[in-house]
Structure formats: C-alpha cells, structure tokens
Amino acid sequence: MKTHNILVIENQKSQFDKIAARLGEYTVFPEDEKDFSRVMGWVHVFLNKRYKHDRRTRMFAKLVEYIIDKRISLFVIDYKLTGCHDGQSGLSLAINLQSNFSHILTIFLSRTVRNEPEIVDNLSSILKHEWVDKGYAGMSILEASYFERNVLAKIPPYKDPLLQMYLDKIDQLLKFGVYLERKEEFEQLKNRAQQQGEFTEAARQAIDELRKVEKGFTDAEIKTLLNRALL
Amino acid sequence: MIELLKALDKLPGYKIADSHFRIGSKIHISDFYYAKRFFQNSFFASRFAYLLSRHIIRDLGEEKLAELRQQGLTLVGYGIYSELLLSLTEKFLRKLASFTDDKINHNHITDADALELVKAKHPYSSVVLIVPISSTFTTSIKAEELLKQKYTCKVLSPHYNILTVSSSYSEKENRDIEEEFGWINKDIPNKTIFVNAFFETEVGSVKAQKYFLRLPSVWKKIEKCSDCFPQLMTGGTESQEKPLFETDRTSVTPNIIFAYPKSIGVDETTSVYDFELTPAMVEYGHHRRNHNHFLYSIDTEAFLLRNFPQVKKWLEELKGKKVFTDQFKESQNILIVSSCHYSNASFINLVNEVLFASSANIIHYDPSNDYIQNFDMIYGQEVYMADKILFVDDSLKSGATFHKIDEFVRHTLSSRNTKNNLEARRHRIDACLFLLNKSQPFTYNTIRETISDQRNVYAFATIHLYTALSYDEISPLILEQRKYQQLMDEALLDSLKMHFQGQRSKLNTKNRKLAQDKMSEERHLLMLEATHKLYQYFSSEEAFFDGTFNAFVTDLQAKTRIPNTYKYENDSAGSGLGLFESCLLKVLTQPPFTQYEPVRKMVFQWMLDLLISHIDVISTKITEKKFTYENYQQLKFLMRRAGLLNANILISPVFFQLLHKLYEPGGIPLLISQAREDIVTYKEKNVQTAVAVLQEKIRSLEEFGIFYAAQVKELLLLNEGKFVYLSQQLSTLSIKDNMGLQRLRTLIFIENAWLVHRFFEFVSRQSDWQGLHVEKEDAVGEAIVQLLKSPRIKNHQKYRTLSGYLASTSPKAPEENSLLVTYLTIKEWMTRELQEKATLSEKTRDLFLRLNQLVKFADDTDKNVSMIGSFLIVRDKQGMAYLIYDKNNEGEGELDPYEWDNANNRLLTQLLEGKNSGDLPYYETVLELERPTGQQGWRELHAVEQNRYVELSNEFLDRKLNRLILMRLTRIENGVEKCRGLVGFYFRIQVQQDTDLTRLQYLLLLRQDITDFVEKNHQNNLFNEWLIAENTKRLVLLAGHGKEMMQNLITKLPEYSQIVINQEHLQNIVLLSSNLTLAGAEDQIKEKFHHFYNVGNTKEITQDYLRDLKEMTDKIYNTPSVENSVYCDVVWESPEEPFQFAFNRNILDLICLELIINAKKNRWHFVEGNEVDGFEHNEVRLSMKVMPGTPRKLHLSIANTGPNIEIGGDPNTLANLNSKSRNVKHDYTTSGTALIKILIRKILDSEIQFTSKKLDKNDELHEFTVLVILKEMSEYENT
C-alpha cells in the first residue's frame, strides 16, 4: 500500500537523522546527506533575508518543484531553522508553502512554546497543522514513545495529496453554493477523478478545469470562501 | 393687605426664591420649590389624586378603560414621595372607573439613573406614568424607556406631571434650551408639552407631557449658567457668583437647612461660671462616639482638674438654690446612675460629696456591654427603693448614654410596679448633672422632656458644638471623606492622588490627632470657640446680618461670649487675617455651617470679596516685587475656602490673570529664589530648624500647581458643565516661556480629561453597549461610532457636554474623534476580553497593540507618528523589575534585555522606585521625553525646568525613535504609593514641535485598567510560572545554539567537552547572580569569574594557539552536529613574531568556539542555483597578534564568507552589533553572542568589533570579520 512521503525540514543533520529513524515506516525526504544539504540550502537561502529577493524566490521554486516531484504528502518542520540573526522561521516557510500545498498537513516540531505571539498570530493561516512541543530541556524529546504519541499518532491515513486537494475543493465550493448551476458538471469531474483512485493525468486535467472555473476569483477570495464553507 | 402680603412673604417653606439650584445633571434653576410636601400631605395629595383620576379617565376613553379593566393597569410614580398620591389615585380609579381590586395597582421608580421598580411585583402590561414634580420631562422619558425595555410594558399617553417647574410662559419663549431637551411643541392652553423620545426610533417618537400647575423659575444650561459664571453676562463680575445648592437624586429634596443654626438656649444654667479650657485639653479630628461623629473632643478629666474650684463652687451654689433643695434632700435615699466610663468617676464623686455629703448611692453601669436583664436583677431593688434618681456624667454630647440608662431605669421601675401591684412610685430619672453640655437643642430638649422635672438639667459649662442634623444622618465628615476618596479615584496623576489621600486621611476616625505644635493646638481651640460663638450668635433673635466679614466679626464678638479664661500665646494666623478671623472662616466653610442656606450664601459672598481684594493686593505686590510668603499663604487659605464652597471664581478670567501674575518673576519664582538664598545663609550659620522651615516653604511654593489643580478638581466633581468652561479657559492661558505656568496648565489639562471617563461610564450603561462585540472584533470600533451617532446618545446632555469639552482641542464631533473612539474600543475590549481564557502573553500583546493605537491617533492625520512600539516592565512584590513585554513596530524587541536598567538608564530605576528614591521632585505619573534632532540624550517635554535632560542613555532606543512616553503603574496602599510597573511607548515623530497632551490624557485614563491588569495577571502564580519558564529559556538560549546541539557536538568532538562545561559554568555564574537587573550584580559576576578563571601572570597563550584554532574551525565546519558537514577553506596568517600572553586558554577556546559556530551558521550556501561568480566555497581566515601597552592586548580576528548582512534585513545590524549597549535579540539562536559579549565587555573589560567587506561585484557575498581585543590577565583585585 502506498504510504506517506514525508518531507522533514530540520536544520541539524544529526537531529534529522533521529527523526527520520523514528519515521521508519514512511518514506522520508531528503534522502541522503547530499540531498539534505541541497534541500536545506534552498530552505536557508529562502528564509534568509540577507540573500537578494530573486535568489530567495529561485530557491523556493526549487523546493516546490522538489515537493511535487517527490509526491510529498506530509511536512514535518522545525520552527527554528536558521542560524543568522534576522532569518525567518519554519512557520514562515510553511506559510509560503500554503499557496501550493494547503491540503498537506504540517507537523511543527519546536522548542518554542505554542503561545508566542508570532506563532499565535500566524498559525491559523496554516490550514492543516499540528504543533508538537519539543520542550526546553528536551534531551529525550525525540524519545520513541514521546514521538509515537505526539508525532506518529497525528499522521493521518495516506491520501493522494493532489487528488485530495482537488476533491476537497470541489466539495467545499459546492457546499458553499458557489457554482451550484454547474453542479452536475462538477460531480462528473469528481467521479472521473475518484475512479482514477490516484493522482493521474486525468486528475491533473480535472484540476485545470477547476482552475478555469475559479478564475473569476482571486486566490484570497477563494481562500475566504473555502474558510467560510468550512465553518 | 400689605401686611398680609408681608406675612405671606415670611411664611416659610414652599419656595426658595432667587437662589441657584442644580436639577439633575442638566440645568440650574433660579427658584426652587419644596413641593414634595404637597404630596406628603393628604390634604393636598387627595385633591391632586382626584383631579388626576378624572383626567386619566377622560384621556383613556371608555373603550380603552373597558380593555384595561380586563387586562389590568399599573400606575407608576417617580420618587417615594409620590406614594400617597398614587395610592389615592388608585383608590379613586377603582371607584370612578370601576376597576376591580386585582386589576389595578401601583409601583415606583426611585432613582432616575438606576432605574428600577421598587415593588417586586411585575407591572401590568399597560402603565400610566405619573411624575409629581418635573422640569425638563427627561425623567418621564427615561422612565418610559425603562418600562418598555426592562418590563416590556406599554406606557399610555400622555405622561402625567402634576407640577412643572418651567422656564417659559409662551409658546415661542425659551426655545433653544427647551429644544435641547427634545421639546418640539408646546400647547400651553391644554397644558401639554410634546417631547421627543430618542430611545424609540431614529427620529424619536413624540411623547405628550400633561401637567396641571406650572411653577415659574429660570432655567440655565449648566455650562452657560450666569449664576455660576457671572462674567458670561455683560458687565458681570466674579463677585456676583451665587453659591450652588444641591438636591437629592430625585431633585426634590434640597440638601440644605432653610434657616440659621440653632443652639440650646442660654438660660441660668449655662455659661455663668468662667472656666479655663486650654489647647492641651482639646483634641481635634474626626472621631466617633455612640455612632455619632465629632470633630472636637475635650479631655474632661483634665478640664475638671484645672477648674476644680469653680466646679465645686457651682455645685455648692446649686445646692443653695431653692429649686434644688425643694426636690433633693440629704436625708432622702438618693441614687446616682451613670455610665461606666474612666473619665467621669471623679466628677460623680465630687457631685455626691458636695450635693449629698457622699450619702447618695452610685451605680456605675456600662449600658453598652452589660446585659439588660442583669441590670434589673442586680440593681433593680436599689433603683426601685430610691427616692430620687440622678443621672450624672462628665459630658453630654449625643445623649445616647443618658437614653440607654433611662430605658434601664424605666424598665426596672415599671416591671416592679406591676409585679408588686403597688401604686407607681415613680417612672423616670429626676435630674441630670453634667460637667460639660455640648449637645444640640434637639438632644437637650428631649432629655428635659424625659426627666420628671424640666428644670433639673444642670451643667457647669455649656459649649455649643455640632452633633447631627437629621436622623440617620451620614456624618458630613464621612461624606467629606467619601468625597476625597472619590477625588482620589478620579485623579489621573499621582501627585493629585496623594494630595487627596492626605485630605482624606485627615478625616480618618483613627487619626484623632494631637496637634504638632502649640500654634496648631491654639488654632483648634479657637475653632472650637468660633463654633460655639457662631451657634450662640445665630440662635439669638436678631441673627440676620447683612454686612462685610469684618463687620460680622465685630458684631459676633460683641454679642457672644465664651467664658474661657485661657490666654492665647499666638495672635497672628500668619495669613493676613487675624487668628480668630481665619479660624472663624475655616469653621464657616465646613459642615455643618455650609448646610445652612442663609449662612452659606453669606459666607460665600464674604469669601468672594476677601479673595478678590486679596488678588488685587497680590497683583500690586508682585508688580512692586514686594510679594511675601505670608501673602502667598493667605492666598492659599482663601483659595481653599473657595474650593470648599465650590466657587467658580477659581476658574474665572480674574483668577487666570492672577495665575499669570503669580508666575511672573516677582511672584512665586521670587519667593523660591529668596528661600533658597536664605537656606544658604542659615546653613552657614548651622540653624537646622530654619533650614527645615524654608525647605517646607519651597515645597509648598513648588507644589502650588498641584494645590490649585486639586481645588479645581474638587470644583469639577459634581458639575460636568465646568469641564467645558475650564477647557475654554485653559486655552486662554499663555504659557509661552513660562515653565511654571506650563506645568500648571499640563496638570489641569490632563486632569480635565476625566470627563471622557464620565462619558464612558454613561455610554457603557446603555443597553446597546453590551451587544457591541457580537460583531467581529474589528467591527467594534464602527459599532461604537454608530452608537455615538444614535439620536438617544447625540441628544443626551452627556454627549453635549463632551462635545463642548472636545471642541477646545479638536473641531470634530465625538464620533469622528478617532482618539475617543479608540479609547472607548479599548475600554470595551478590556472589560470583556481580559476575562477570557487567553494566555498571558496573548493578552499582554493584544492590550499593547491596542494602546499603541492611542499613541497613533492622538494626531488626527496620524501621519506625524510612526514606528510605534511599547514595553512593559513589571515589579514583583520584592521590588525586582522584569521586562516582560517589548515589541517595536516590526514585532521585535527594542530594548536591550540585559542593559535596559543599567546605570546609564537610571531614570527607569528612579521611576520604578518612585518618590521614595529621593530623586523625584513630585509623584511622577507620566513623562514624555523627546530626543531633539541632532542632539544627544532625552529631554522631558513638559518639564518645569527648561531643558531638563533625564538620565536615559541615547542607546536606549533605536536612533530613529525620537519620542518616549513613560507611564508609571501605581497603587496607593495605606497612604503609600507603590509602583507596580512601568509602561513605555516609543515612536518617531515627524514634526518635533508636537507637544500634544491628548495622547497622555487618554493613556492616563487607561492607567488604572492597565495597573489592574498587571496586578491581576503579572503578580500572581501565573506570572511566577512565566518567570521560571523565562529563566529556563534563557538558560537554554544563552548558549544560543541550544544545549542539545552543544551536547551533540561533544559526543562527536569529545576534545571540546571542557569548553562546553566551561560555558555552562559561565552561564550559571551569570544567571545565578540574578539576571543582571540588580545593582551590584556585575561586580558579583566579575568576582566569581576571576575566582575561577583568572590565570594571574601565567602566559598560557602562544603563537601556536592559531594552529589549534584552525583545527577547531575545520572540525566545526565538518561536523554534522552543527547543521551539516560543509566544505570550507581555513586560512591562517602566522603572527609576525612569536608571543606569550597571559590569558585563560579555556576562556579563549570558549570565545573562539562560539565565534566559529556563528561563522558556520552565517556562511554562504553554495547550492545549485545560488552560485556566486568567481567563488565556489566558503573561506575562514584566522589571525592573532599581541599589541604593546599596559596591559598588553591580544588581537584575535576571525573572518568568514557569508551573505551581506545588511541586504534584506536590518540595515543597522552591524551598527547594533558594534553598539556598546545594544545587544542582539535574546530570542534568536545566535544569542550565544550575548554571553560572549557579556563575557568580553563586562567581565573581561575587553572589546569586540564587527566589520563586513564586499567580495563580489554585486555586493552579495561579504567577508564578515570579528575582531576580539583581549586585555592581558593579571591578579584580580576587587575594587
């Protein structure tokens, strides 16, 4: 059976190794040391304001491409990621990933407490998230049973991420009453995609269709509509 | 006929003509009608009730009546005095309109502001509203609103007002003031007024107000009343002001006594014998006895001792009088009863000895603590058997003791009479003897009526002193105390709070104080004598007096006498007036005399005349440079009298001119400089007492502003119209270049903002207020604007007053005033949101983000103010201060968490410690500081002395920030001011001249709420937990890279374990020696450090160290324990000459490890797509050299490649790193630098410098160099 492809964004290689080991039953990315320094290089550059804007967007694009390419279905992200003074956090990274991957669950691992104002303010913009506290004195934080209770237990059953995003969007839009006049058409698209079971070329076409329908709206409007639909 | 008219004129009671009364919060009227007695007397009430019933029946019509007979009808009246009228009307309606008993009832509303029906029974759905006495009809409108909203009743039209105190006779007359109260039409022939009720709909619906009798009076708007402010009339002068009289909440009972004070008469028993009452026998101060309150107390034992011969003589002569010998004989069985008290025994014995040759039996009983039944059992027989019973006591005040004993005696006698079935022997006490009779006529007469023969009340001396004016009276002293408590609560500035606290504590019952010096003692005695004489004077037949104060004093002295033989040592009050005159005036401006209408009117005029003439005197003297401290004192004395009488002269143009004058060079400044010169002289002569007196004088002169502001504040307490008048007057004060006057204006301007709070109290009582937050959080502000725009608010007197007040600073309507709206939004949020279960840091953050808005909106365009941030420092119970919140406009900390309270920022410590620190001249509450362009340091913006620079370093805030508001959070506990914390708002202001005070006003209005918040949240367990968490966080983060990483590192690189151990040890030294907030902490840390790490003269470091450093760098870049393994070229430049240097190698290792880890973390990331032309990997360059000097210095430099640190981030990064005090933010992973900076700069007294140099053409890749300059170690000597 297909399981999650998990992208672990952790600053420190030795920590990363521990987390990867605990996530044994899943496929963990980056795959090896070389891959690690490459991916973390992108992340570091993207989050570091000391690099010029175009470099940072370039690096972020590479990361997005990597996520799509590796069919990532879950993120595990450390909150503190950079070593430099004005570097941004893992939360900023996750926020930026939202525009492309809002359907993917993000599990934050952090030593920073959940109620820091910056986190409180921004966490809600991550549609699907879990916050796992590493604690301050946490030598044993990645101890097996803790990890099992607080990380593994929170991982949902695997669903093809892109297909899921597509189905969710259709459901939400219909629920909210947008495009009701095209309900049938949507149902068909949905069925077609469901029959495929997994993300396929047909599903990609269906998503493109959907994007055409949505184009009257801005991203922010769709997000608002979806949020209200969810309520 | 003329005689008849005269007689009618003299008839007391119904109308107080040509006076000045406040009705509700809206108008003042010229003629007051004491009309409630019409409704308390069935003779009138029944006639009104009948008329009213007829009208109700006619107005309702038969059809409606038939419906009401089925559904029921409730009559609702206003004021408890309407009970008789209502019950009679109900009775008539039952008969005349055939209501059955269960279908009609009545109820009351007692208070227009706290509207509530008195009887618990729910009214019927239809209500007839009856207001016996009305003026503007707002009461009936409010009552209808209540009945509709709270009780869902339908109020039938019209509303019935029996009497209306009206200002106009014709339909056209007086429209403007009436329109303000919503009057839209007057139908005079049909005695109906049509009034808009704004609570109903947008435009309001019209309510017909029926009345029966119109009573003429003149209405005046409170803010434009010519009796309050005669100067508003053409040709009016300050001396024409009339005292304002108050009424109870229903505006029908005046808080005054209509006539002159009365004392017990002077008959043969009083004031015959001279006595000596010395100042030492008089205690002055609020005290209680038998539930009554007194100001004066006389030590009767001392009094008896001093006057023994005269008292004995009095008793002997009494014994010789026929009236006495006829009734009391030595051969009789005489019983003396008295209350058991320590002071009266000797007097009782003397009475027994002289009058009855010690043959009388004495019962000394304690009626308060002994049981009633026991009295009968133990003393019953003796009481019963006695031929005559005498009550003897040292003093008669309230008569309570007498009445208790009398009840015991009567109970005992009557029960035995019945038991033995004998003819009653006697029922009561036969005579009373007092050493001092201080009772009021009411008490005295009751006692005379109680005993068997009226003539038998004897007293050695009678002194007329005040007791109580009505039954169940709350003592005026208690009322005064409450007033000062309220003023204290309402004062925005601590200096005023403390002033009122002082006034309040003077009235504490516990503080029955003994005067500090002979002069005050004598003054208290004189006040007692003045009281006595005043009662005596006013009790005489021809009390009416119509002259000047001086003439009054002469007349009083001629007509009254107190037989006190005491010779006064001081005869000058030091205030220009004679000592007796000033005491007299003092007594006359205090209760109870202020409660007598004719006396108050008279005294008010005297006070005005005295003050106005003194103002003239002072003005001349100042011009002539002859102004003296005595003139100043008399001014204060008279101002205080004016304040006590609520005289508006204190805020009149004449007085404002005086204020200008007082702050001229020949005024207060002259007196201060003279006193300062005198101090120098006396110090040279070493006359300490004189120095102390002079210092006290200076304090009094410097605090004139506070004294004046306090009088003004008292004036504003009850009359909101005065806020408006004052705000207009304030703008006339020209303060340019006059710092004293400027401070005074600041004080009053700020305090005047209390009106905004009053408005909040009003608006938050509206039912719509509760629903404001139902909308989304960000819509609350808009909802408030809508509420303010609603007709019911807009047409309310409170809104009008507020508009008038705001108009002096901003042309906008209240709902357009963003500052006001923001303030109301915050108040709304605070009462609601702070109770919700958000975390402490969430709540704190939310609160401060909101408060920042106030700073922003003070400027209407809000363009002048930018970069607003704020911080909160909290002081725990032990006085330790913690910086617990600090966020600038970018959401980052602005203050240096380690340095904010260092010696360069002593201002903060001063403020936290308050006046107790001895550094502050006043009880500072708020400070606004500016950093003038191009200058160093911070200057107080509204200071007394020009250019007062405060002790706050230039580095305290970012250079761009040029304003700082510091507000202390304080609480006054047991008369001591305690600082709970300090809040700061920092921002950048474009136009430096902006000295707007409104920002401070609104922040101060919220100060109490913020203090409550801090006390509730930051001084409890939650806060302690926060502190522990904070310290833990620091322990972990101080090393920057996290303990875990360091532990990881040494498992991979065990050769560096010693460094990690040392680092942890060093952290402990720093942390455990407090968190650098205590004075002296630095020395402690240094001492501990040198104890462990000073190597003395051992030269541990040589040129070979560089090779080890290269090895360390290689290993750090390679290890996956610091991020991941990274390729790097490590280059080292060997020193020109070999060297040996005394320094601890472990410490040098520690510094280097930290710097290299940082270098690695800040490297350039050479990943695909992030290449730089001409560079392929990172490089680190190391160098070392020893510089000559004493001591010698080691220059160690570590340079690494990395992105330009000033590109996208903070362009000041480098400057901040190099700043001596500004530190990197503590919550970033690199804050290991913090420890290194503390170590190098604070402990080693060495330096660390940072530079950056561009490497590529695009200025992206830089070489970042850290240069550490270390002093050579030598034996440490603790200085």
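Remember, predicted model here, so these are calculated numbers, not experimental data. The sequence lines fix the lettering, A, B, ..., with proteins before strands; numbering per chain opens at 1.
Nearest heavy-atom pair, R1163(B) versus Y51(A), reported as atom, atom and distance to 0.1 Å: O-OH, 3.5 Å. Between S37(A) and V1167(B) the shortest heavy-atom distance is O-CG1, 3.6 Å. Minimum interatomic distance between S1121(B) and S14(A) (heavy atoms only, all atoms of both residues): CA-OG, 3.9 Å. Considering every non-hydrogen atom in both K52(A) and N1258(B), the closest pair reads NZ-O, 3.2 Å.
Residues H1165(B) and W42(A) have side chains not in contact (no heavy-atom distance under 4.5 Å, counting atoms from C-beta outward). Here the side chains of E1123(B) and H44(A) are in contact, with some heavy-atom distance below 4.5 Å. Using a 4.5 Å heavy-atom threshold, the side chains of S1125(B) and K13(A) count as separate.
Heavy-atom distances place the backbone of E1171(B), and not its side chain, under 4.5 Å from chain A.
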Test side chain to side chain contact (heavy atoms under 4.5 Å, CB included) applied to Q12(A) and N1124(B), step by step: CA-CA 6 Å; Q12(A) 221 153 281; N1124(B) 49 309; over 6 Å; no
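With no hydrogens or angles considered, no side-chain donor-acceptor pair links N1170(B) and R58(A) at under 3.5 Å.
The neighbour count for E31(A) CD, taken as heavy atoms of other residues, nucleotides or ligands under 6.0 Å away, is above 12. D1173(B) CG: 12 or fewer foreign heavy atoms inside a 6.0 Å radius.
A salt bridge links E1168(B) with K62(A): the distance from a Lys NZ or Arg NE/NH1/NH2 to an Asp or Glu carboxylate oxygen falls below 4.0 Å.
Atom-to-atom distance recorded for K1161(B):NZ and N48(A):CG is 13.0 Å, nearest 0.5 angstrom.
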